[in-house]
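So the structure is just underneath, and the comments pick up after that.
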Protein chains: 2
Amino acid sequence: MSLSLSPAMLCKCLSDETRLQATLLVARFGELCVCDLVAALDAPQSTVSRHLAQLRSCGLLSGRRAGQWVHYRLNPELPEWAGRVIGELCAAATLAHPDLIRRAQGCCPPPVALS
Amino acid sequence: MSLSLSPAMLCKCLSDETRLQATLLVARFGELCVCDLVAALDAPQSTVSRHLAQLRSCGLLSGRRAGQWVHYRLNPELPEWAGRVIGELCAAATLAHPDLIRRAQGCCPPPVALS
DNA sequence: TCCGTATATTCGGATAAGCGGATATATAAA
DNA sequence: TTTATATATCCGCTTATCCGAATATACGGA
């Protein structure tokens with residue numbers, strides 16, 4: 001079953017600044033936990049979590065629980081066109097928010113040595 | 001002055017099916033008048049016109065009046081990244097709506113021989 | 001000028017989206 | 001078990017978005 005993500009739905013996901021920036025950060029860092037995103041986005045935890053849930057329910061992100069933390073990454077089953085769109089948008093958004101990347105620092109143990 | 005179109009704003013423009021399909025058609029045909037779009041999209045004229053106004057105000061499309069008609073095209077001043085995003089999304093949307101292209105036939109004189 | 005066609009805009013109402021404090025759940029450690 | 005931390009969800013509220021009939025405007029031709 002191959003993830004029915006429509007172009008319009010992808011756009012809706014990325015049309016909100018918080019979701020776009022969360023996606024940007026996840027794409028840039030490969031994997032981030034919610035507390036990292038809360039810190040980087042400087043938004044209430046419930047807001048960040050709600051947006052992440054939406055991104056996951058649309059198939060854009062996937063979450064992996066590791067102990068107390070949940071690590072989000074780009075859904076590896078994303079269609080190629082969606083990956084290219086996200087890449088273009090994140091590149092452009094990074095130029096517009098060069099400070100955003102700097103604020104994302106690990107608040108939880110890095111996910112090393114996990115099979 | 002170089003068109004301040006943010007990635008999130010572009011996504012918001014394309015997150016609505018009507019606007020996405022209108023953009024798709026304009027991109028595909030190069031230039032279309034409102035009545036062509038009304039016919040192809042099978043939506044009320046006021047709805048189509050309202051969405052076109054929004055796309056134009058965001059800088060995605062530009063309109064050119066030719067007599068009674070207004071021809072819309074992709075704004076030639078679009079940033080390159082935006083053009084690439086639109087290209088990807090329209091390609092994917094075309095696959096999802098293969099019938100849409102067929103419905104767009106000229107209802108007004110083709111814009112030939114106009115300086 | 002008057003009429004017909006094309007397009008734009010206005011307007012009120014319906015629906016959706018976003019917010020964030022409060023609360024619930026999950027996990028780890030004491 | 002109790003406590004602490006991380007995350008998810010609930011809830012009422014506010015605001016934004018979309019709709020389409022009605023109306024206004026622009027233009028060309030009679």
Side-chain angles (χ1 to χ4, degrees), chain A residues 6 8-23 25-26 31-58 60-73 104-111 114, chain B residues 6 8-23 25-26 31-58 60-73 104-111 114:
Chain A
S6 71
M9 185 59 73
L10 172 62
C11 288
K12 187 164 299 185
C13 284
L14 301 177
S15 69
D16 176 273
E17 280 295 347
T18 301
R19 287 193 298 268
L20 176 62
Q21 292 181 14
T23 303
L25 288 167
V26 166
E31 201 173 46
L32 283 176
C33 64
V34 181
C35 49
D36 285 333
L37 290 165
V38 167
L41 298 171
D42 193 29
Q45 180 266 328
S46 69
T47 293
V48 173
S49 197
R50 175 168 38 81
H51 283 302
L52 289 173
Q54 180 174 346
L55 290 170
R56 186 172 48 184
S57 85
C58 290
L60 233 156
L61 301 184
S62 62
R64 173 179 69 84
R65 180 173 281 276
Q68 296 172 275
W69 299 276
V70 175
H71 295 275
Y72 282 89
R73 61 172 66 192
Q105 293 304 326
C107 77
C108 54
L114 282 180
Chain B
S6 73
M9 185 58 74
L10 173 62
C11 287
K12 187 164 300 185
C13 283
L14 300 177
S15 69
D16 176 273
E17 280 293 348
T18 301
R19 288 193 295 268
L20 176 63
Q21 293 182 13
T23 303
L25 288 167
V26 165
E31 200 172 47
L32 284 176
C33 63
V34 181
C35 50
D36 285 334
L37 290 165
V38 167
L41 298 171
D42 194 28
Q45 180 265 328
S46 70
T47 293
V48 173
S49 197
R50 175 167 37 81
H51 284 303
L52 289 173
Q54 182 175 346
L55 290 170
R56 187 173 48 185
S57 86
C58 290
L60 233 158
L61 301 184
S62 62
R64 173 180 69 84
R65 182 172 278 276
Q68 294 173 277
W69 297 277
V70 175
H71 295 276
Y72 282 90
R73 62 172 66 193
Q105 294 304 326
C107 78
C108 54
L114 283 179

For residues 41-52 of chain A, tabulate all N or O donor-acceptor pairs below 3.5 Å that involve a side-chain atom, not counting sequence neighbours.
from, atom 1, to, atom 2, distance (Å)
A/Thr47, OG1, A/Arg50, NH2, 3.4
A/His51, ND1, A/Arg19, NH1, 3.1

Drop me the distance from A/Leu10's CG to B/Leu20's CG, to the nearest 0.5 angstrom.
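The CG atom of A/Leu10 sits 10.5 Å away from the CG atom of B/Leu20.
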
All N/O contacts under 3.5 Å from nucleotides 22-28 of chain C to the protein, with atom names and distances to one decimal?
none

Between [atom2] on [N] and [atom1] on [X], what's the gap in Å once rounded to a whole number?
| X | N | atom1 | atom2 | answer |
| --- | --- | --- | --- | --- |
| A/Leu41 | C/dC19 | CG | C1' | 15 Å |
| B/Arg64 | C/dT7 | CZ | P | 12 Å |
| B/Leu52 | C/dT7 | CG | P | 10 Å |
| B/Leu37 | C/dA8 | CG | P | 10 Å |

Restricting to nitrogen or oxygen on both sides, can you table the protein-nucleotides 12-17 of chain C pairs closer than 3.5 Å?
none

Just report the end-to-end axis angle for the helix from C/dT1-D/dA30 to C/dA30-D/dT1, five pairs per end, to 10 degrees.
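One end axis against the other gives 10°.
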
Closest approach of [X] and [Y], non-hydrogen atoms and distance?
| X | Y | value |
| --- | --- | --- |
| B/Ala66 | B/His71 | CB-CD2, 3.6 Å |
| B/Glu17 | A/Ala8 | OE2-CB, 3.4 Å |
| B/Gly63 | B/Arg56 | N-CD, 3.9 Å |

Name the first nucleotide and the last nucleotide along DNA chain D (5' to 3') that come under 4.0 Å of a heavy atom in chain B.
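Contacts span D/dT17 to D/dG28, reading 5' to 3'.
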
Under 4.0 Å between a side-chain N/O of B/Tyr72 and OP1 or OP2 of C/dA8, yes or no?
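Answer is yes, contact under 4.0 Å.
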
Identify, with sequence neighbours excluded, every residue that meets salt bridge (charged side-chain N to carboxylate O under 4.0 Å, His left out) alongside A/Arg73.
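Salt bridge (charged side-chain N to carboxylate O under 4.0 Å, His left out) list for A/Arg73, sorted by chain: A/Glu31.
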
